Protein chains: 2
Amino acid sequence: MELNDRKMKILQAIISSYFDTAEPVGSRTISKNYDLGISPATIRNEMSDLEELGFIVQPHTSSGRIPSDKGYRLYVDILLENQKAQIKKIALLEDLVQKADRIESLLQDIGKMLAKETHYATMISTPQYKSSKIKNIQLICLEPTKLLVVVVTDGNTIKNYMINIKEGIEQNILNRLTFILNEHLYGLTVEQINLPLIQSIQKYAEANFEVITKVLDVVCQTMQSTDDTDIYTSGTTNILKFPEFSNINKAMELIDTLEEKSALKTLLYSMTGNEDGKIKIKIGEEIEVAEMKECSIITTSYCIGGEMVGVIGIIGPKRMDYMNTISSLKYLINSMEKKLLKGDKGS
Amino acid sequence: MELNDRKMKILQAIISSYFDTAEPVGSRTISKNYDLGISPATIRNEMSDLEELGFIVQPHTSSGRIPSDKGYRLYVDILLENQKAQIKKIALLEDLVQKADRIESLLQDIGKMLAKETHYATMISTPQYKSSKIKNIQLICLEPTKLLVVVVTDGNTIKNYMINIKEGIEQNILNRLTFILNEHLYGLTVEQINLPLIQSIQKYAEANFEVITKVLDVVCQTMQSTDDTDIYTSGTTNILKFPEFSNINKAMELIDTLEEKSALKTLLYSMTGNEDGKIKIKIGEEIEVAEMKECSIITTSYCIGGEMVGVIGIIGPKRMDYMNTISSLKYLINSMEKKLLKGDKGS
DNA sequence: GTTAGCACTCTCTTCTAACGAGTGCTAACG
DNA sequence: CGTTAGCACTCGTTAGAAGAGAGTGCTAAC
């Protein structure tokens, strides 16, 4: 039995109707609401076939049909193929990117906005700093034995660390050290800071050996730790609005999972292979996390300065509005990368 | 009719039992579970009196009683009076305060932890910078026409701003400007930066008039705007676990309110009068926000460097565990202020 | 190949009756 | 006179039954 054009149309009708109502779809509903020019009885026959092919399922005998994971998969694959979809503009975004001063809060705001726009829950990971390059380091004396280290990387991400030192140090010496550090470290990734380089810097630092060592230490440590990538979730309560989660315990399990950042981290990164910028979708059972098997996840990666660094994901019910959501996501990524590449985040 | 000792004991038993079960409490339950040495019938008579006095109410005829707002108020007032309560230690806190690098993320973590500890929702406001003093300003050149301004205030709160300038500027000139700025602004609050002072600084800056003006502008603006104080909420989904919010719509309304930061801001600051460090409690109808009239809120303010700057609040059902919650909160504030006063936030 | 008709299935809603927890009142008790 | 046992009454909750409604699969006719 092959999947002819008419069966496909019926499948789409089922998906569409189920998206609207979250109720199993019957043959009469399709015949009435979708102009296919065939009677309910015919549709019933076709539906029987579609079920045999595994694209739809019946929750119980004598109920309507709902799309199966396989059905959604087919639908989504076709959708992704013909994706010249008009990209949906998100009005608020421009404002947002304009006024953000730190990338972390920008990401949080983007997540919030995307959740508001799509009415689903969103997850967004902070950039992985492993491959980002040092742009500037500055040492500032706060108290006699307390230094502030400011590190700026490309993409203008700013990190502040405070370190305590044993002996006081004057600002003009710090300025010299700052100069030495920038001289040696500009443009380097954290992997490129190796022992010979460190020794060379230490030589220049002379008497301020302790300070330089501590600074290098703290910079390396924080920049290379993967644990440092955080995940911001937003709109998790949107989940409560979906009838598929009217069982409050299921909903809470899911929300709890979304707060469990470490699980999300694995999930998000498992979804972004080596292809950048592509939209990836997982549907139902395809998701490894047990609590999410009633959901679908749409993800994509975003770049800062050309390198793949972070992931954005949208999680909703399986009957989610794939088309609009993908389109919003694409638009978002586009505007975001344009902005971040320019690094134009100040006033 | 006066509120004698036995009535008080019964009220406490009702509150205690209702805390455990969230079910109206009957006379037999009290007689069985609380060793008062009186029969259900006697308890019924006393309860009838307590109801007349307004301390308990009946959800409907022939059901048990639940405490009224007035009943909780009495209970809480007595609780606050005899507060030598053993302070409950929160194990995780020490760790948290140790490794935090920015006050914002520290506050977020504290909120999370407190939510986890108490199983209620928490709100925590970022410090109000109005009265905090400038400790250090640093200008860093990132790109020819892009500067990074780092401002450190007492309490070691660090703020970063990026500004764009028209003409390029060299780092050694920036160093001079940095020196001038620190020379003039050290120890000042934002209110103390007046026109004569600005003009005096501008004079020193000579050719770099534009830069200095922009820097001063951005520093003043961000430090004095009250809008800058943010509120972090945490554990909002804990609300779903309480039977009083089994009506999912009510729960969602409340959660939405908790995400509406501006309303929370008013609420939190309305609760902290001019007395520092005291625990304040609002119960049910005492809360101005309509969606929260089924809740109680416990707040207190926290200090950095001796001045009142922020507020922490815990929101739960009216039958919340006031004693433990207050005790956790007190312990938290204690440890936090000790840490922040020392400003020991780096490694 | 398509469609009308019909018996059948299964869920959801509605209605009723029974149950149970709890009260208030009255009368008896120490 | 305070305390207690007994009892009728209230009201919310639960369980079960009946009926409605949506939808299917099959058969036979077009």
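None of the values given here were measured: they were computed from a predicted structure. Note on naming: letters A, B, ... go to the chains in the order of the sequence lines (proteins, then strands), and numbering restarts at 1 for each one.
Screening A/Leu264, A/Thr299, A/Val311 for a side chain to side chain contact (heavy atoms under 4.5 Å, CB included) involving A/Ser125 leaves a single residue, A/Val311.
Of the residues in residues 20-42 of chain B, those with a non-hydrogen atom less than 4.0 angstrom from any atom of DNA chain D are B/Ile38, B/Ser39, B/Ala41, B/Thr42.
Under a 3.5 Å cut-off, the side chain of B/Ser17 and the backbone N or O of B/Ala13 do not form any donor-acceptor pair. No donor-acceptor pair under 3.5 Å is formed between the side chain of B/Ser296 and the backbone N or O of B/Pro317.
In this model, the phosphate group of D/dG23 is not approached by any side-chain N or O of A/Arg65 to a distance below 4.0 Å at OP1 or OP2.
Using a 4.0 Å cut-off between a side-chain N of Lys or Arg and a carboxylate O of Asp or Glu, A/Asp77 and A/Arg73 qualify as a salt bridge. Salt bridge absent: A/Lys112 and B/Glu259 never bring a charged side-chain N and a carboxylate O closer than 4.0 Å. Between A/Glu291 and A/Lys250 there is no salt bridge, since no side-chain N of the basic residue sits under 4.0 Å from a carboxylate O of the acidic one.
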message: Each nucleotide in nucleotides 6-18 of chain C should get exactly one letter: B, S or -. Can you fill that in based on protein heavy atoms under 4.0 Å?
response: ---BSS-------

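Of the nucleotides present, C/dG1 is the one that pairs with D/dC30 by Watson-Crick or G-U wobble criteria, both distances under 3.5 Å. Base-pair partner of C/dC8: D/dG23 (Watson-Crick or G-U wobble, both distances under 3.5 Å).
To the nearest 0.5 Å, atoms CG (B/Leu3) and CG (B/Leu11) are separated by 7.0 Å.
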